[in-house]
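These notes are about the structure you will find just below.
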Amino acid sequence: MTLVIADYPREHVALLRLNRPDVRNALNPELRAELRDEFDRLSDDKTIRAIIITGNSKAFAAGADIKGMVDIGAGEMMARDDERNWAAIRNCRKPVIAAIDGYALGGGCELAMHADIIVAGESAIFGQPEVRLGIMPGAGGTQRLVRAVGKHRAMLMLMTGETMTAAEAFDAGLVSKVVERDRAVAEAIKIATSIAAMPPLAVAEIKQVLLAGMEVNLDTALMLERRAAYLLFETEDKRTAMEGFINKNKPTFSGS
Ligand code: DAK
């Protein structure tokens, strides 16, 4: 069975659907490897300008597959080298949108937080319940959650396993936008289509500078921003966009 189904709902837009519905899209090593392969492939595909990841209406993903972890120890976990699967998503230079209905728990919430934009249907539930299993997040759950929602809400969720609704996650800053139940994918496609119509080099620089800037002090981050902003003045798409504005026509961009 294909565990990650790829689809192309619009020009330049790829949609990856996690496909283990019987187990709430629990992330086993096979699914993780397929997801990595898809990200590697889409990262190299010059026709793709935005990537959506989604699940189904019950679950985006209920986390790592607990049945596959109960009997294994630290050595085997390390040998799995799941990090290279996450790295394929983390290092993707194209915009990534998570479209979430139902549960995004544990590794599922961590996967959502790898995305640049998170769209949630009203039914979405976010949480890091690893503590209840005697473990803790290992793919950014402590670090990305605290950056998204702040120390005190993150500590509460991480230490109790308490979840957040879509509305709470939006108020806390974890989610970009909340839409009606089961409308997350439609909204994500709308957003992806709008991003795909933008000059791709500008989008890529915005993503890179924003993420890199979060890791350094403000002066360094502002310098990174200026350097990237100068660079974009050299692109063909900058001329196309500005001439389009001046001449009142709708430009299309080549990505050069
Ligand atoms: N793993 C395996 N099976 C799962 C699963 C999971 N995470 N979540 C659900 N399932 C399975 C259930 O066992 C059930 O299977 P059957 O009994 O039908 O065979 C089926 O999916 C339907 O589940 P439920 O009957 O429970 O469905 P409900 O709608 O009632 O509840 C639920 C849905 C998502 C609230 C519930 O299933 C649930 O609480 N699931 C577990 C959520 C959870 O604890 N997630 C955290 C997993 S631990 C690391 C990196 C990452 C991680 C760890 C280390 N390193 C780098 C070291 C990540 C860890 C995790 O994510």
Side-chain angles (χ1 to χ4, degrees), residues 1-5 16-37 39 53-92 96 98-115 118 120-149 153-169 174-175 181-182 184:
M1 183 168 89
T2 306
L3 303 177
V4 179
I5 298 171
L16 300 176
R17 186 179 291 280
L18 309 183
N19 185 37
R20 293 188 81 207
D22 295 347
V23 288
R24 305 288 182 265
N25 286 333
L27 305 168
N28 65 359
E30 294 75 20
L31 185 154
R32 301 286 299 110
E34 279 190 30
L35 196 57
R36 178 193 71 218
D37 289 347
F39 266 89
I53 330 175
T54 195
N56 55 55
S57 62
K58 284 198 180 134
F60 174 68
D65 192 316
I66 299 166
K67 291 164 199 160
M69 293 192 301
V70 61
D71 286 326
I72 70 171
E76 207 173 323
M77 277 301 274
M78 284 168 78
R80 278 186 181 180
D81 194 16
D82 197 27
E83 165 55 18
R84 65 196 264 262
N85 298 326
W86 293 109
I89 307 174
R90 189 174 65 238
N91 298 331
C92 177
V96 177
I100 303 195
D101 280 295
Y103 296 104
L105 299 179
C109 190
E110 290 174 309
L111 178 58
M113 290 191 290
H114 273 67
I118 302 180
E122 280 166 350
S123 69
I125 301 279
F126 296 85
Q128 298 286 165
E130 287 90 338
V131 68
R132 296 181 183 182
L133 300 168
I135 56 171
M136 63 177 279
T142 58
Q143 301 311 306
R144 289 198 176 88
L145 191 64
V146 69
R147 284 163 174 74
V149 307
R153 267 186 274 211
M155 286 286 195
L156 178 68
M157 288 176 78
L158 289 158
M159 290 181 173
T160 66
E162 213 172 88
T163 55
M164 272 188 188
T165 63
E168 289 166 343
L174 177 58
V175 156
R181 174 184 288 261
D182 293 333

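On a predicted model such as this, the values are computed, not experimentally measured, just so you know. What you see below is based on every heavy atom in this structure, not just the backbone, and it leaves out hydrogens, waters and symmetry mates. As the structure lists them, so they are numbered: ligands from 1, and atoms in each ligand from 1.
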Exercise for review: Ignoring hydrogens and angles, tell me if any N or O in the side chain of R17 forms a donor-acceptor pair with the backbone of V4 under 3.5 Å.
Suggested key: no
Check your understanding: Does any N or O atom in R24 lie less than 3.5 angstrom from one in ligand 1, N or O only?
Key -> yes
Review point. For atom 57 (C) of ligand 1, which candidate among E130, E110, M77 holds the nearest heavy atom?
Key: M77
Check your understanding: What residue and heavy atom of the protein are closest to atom 58 (C) of ligand 1, and at what distance?
Key -> A64 CB, 3.7 Å
Review point. Would you say the side-chain atoms of D65 pair up with the backbone N or O of A26, donor to acceptor, closer than 3.5 Å?
Key: no
Check your understanding: Is there a protein heavy atom less than 4.0 Å away from atom 36 (C) of ligand 1?
Key -> no
Check your understanding: Can L133 be said to touch ligand 1, with heavy atoms closer than 4.0 Å?
Key -> yes
Practice item. Before signing off on this row, confirm whether M136 and ligand 1 have an N or O atom pair separated by under 3.5 Å. Key: no
Study note, to complete from the structure: When distances are taken from atom 18 (O) of ligand 1, the protein heavy atom at minimum range is D22 O, 4.5 Å
Review point. Atom 41 (C) of ligand 1: which protein heavy atom is closest, and how many Å away?
Key: I66 CD1, 3.8 Å
Exercise for review: Provide, to 0.1 Å, the distance between atom 49 (C) of ligand 1 and the closest protein heavy atom, together with that atom's residue and name.
Suggested key: G138 CA, 3.6 Å
Review point. Short check: is a protein heavy atom less than 4.0 Å from atom 21 (O) of ligand 1?
Key: yes
Check your understanding: Would you say atom 2 (C) of ligand 1 has a protein heavy atom nearer than 4.0 Å?
Key -> yes
Check your understanding: Okay, side chain of T163, backbone of G127: is any donor-acceptor separation there less than 3.5 Å?
Key -> no
Point to revise | Any F60 side-chain heavy atom under 4.5 Å of L105 side chain | key: no
**Study point:** Winner among G106, A59, A62, G63 once heavy atoms are compared against atom 43 (C) of ligand 1
**Key:** A62
Check your understanding: Would you say ligand 1 has an N or O under 3.5 Å from any N or O of M69?
Key -> no
Point to revise | N85 and L35, any side-chain heavy atoms less than 4.5 Å apart | key: no
Review point. Do V146 and L158 touch side chain to side chain, with heavy atoms closer than 4.5 Å?
Key: no
Exercise for review: For ligand 1, indicate whether the residue A26 contacts it via side chain, backbone, both or neither (heavy-atom separation under 4.0 Å).
Suggested key: side chain
Review point. Looking at atom 10 (N) of ligand 1, what's its closest protein heavy atom, distance included?
Key: V23 O, 3.7 Å
Check your understanding: Under 3.5 Å, is there a donor-acceptor pair between the side chain of S123 and the main chain of G102?
Key -> yes
**Study point:** Distance from atom 38 (C) of ligand 1 to nearest protein heavy atom, with residue and atom
**Key:** L105 CD1, 4.6 Å
Review point. N/O of I135 under 3.5 Å from N/O of ligand 1, yes or no?
Key: no
Review point. So, Q128 side chain and G141 main chain: donor-acceptor pair closer than 3.5 Å or not?
Key: no
Point to revise | pair M69-R80: side-chain heavy atoms closer than 4.5 Å | key: yes
Check your understanding: Is the shortest distance from a heavy atom of I125 to ligand 1 less than 4.0 Å?
Key -> no
Check your understanding: Side chains of I53 and H114: does their closest heavy-atom pair fall under 4.5 Å?
Key -> no
**Study point:** Over 12 foreign heavy atoms within 6.0 Å of CG, D81
**Key:** yes
Practice item. For residues R20 and E30, determine if any side-chain heavy atom of one lies less than 4.5 Å from a side-chain heavy atom of the other. Key: no
Check your understanding: Is Y103 in polar range of ligand 1, meaning some N or O pair under 3.5 Å apart?
Key -> no
Review point. How does P129 reach ligand 1, by side chain, by backbone, by both or by neither, if only non-hydrogen atoms under 4.0 Å count?
Key: side chain
Practice item. Look at atom 26 (O) of ligand 1 and say whether a protein heavy atom is found at less than 4.0 angstrom from it. Key: no
Exercise for review: List the closest protein heavy-atom neighbour of atom 17 (O) of ligand 1: residue, atom name, distance to the nearest 0.1 Å.
Suggested key: K67 NZ, 4.6 Å
Revision key, fill the gap. So CZ of F126 and CD of E168: to nearest 0.5 Å the spacing works out to 11.0 Å
Revision key, fill the gap. Counting from 1 in the order shown, the ligand 1 atoms closer than 4.0 Å to a non-hydrogen atom of G107 are 60 (C), 61 (O)
Check your understanding: When you look at CZ of R90, are more than 12 heavy atoms from neighbouring residues, nucleotides or ligands closer to it than 6.0 Å?
Key -> yes
Check your understanding: Any protein heavy atom sitting closer than 4.0 Å to atom 30 (O) of ligand 1?
Key -> no
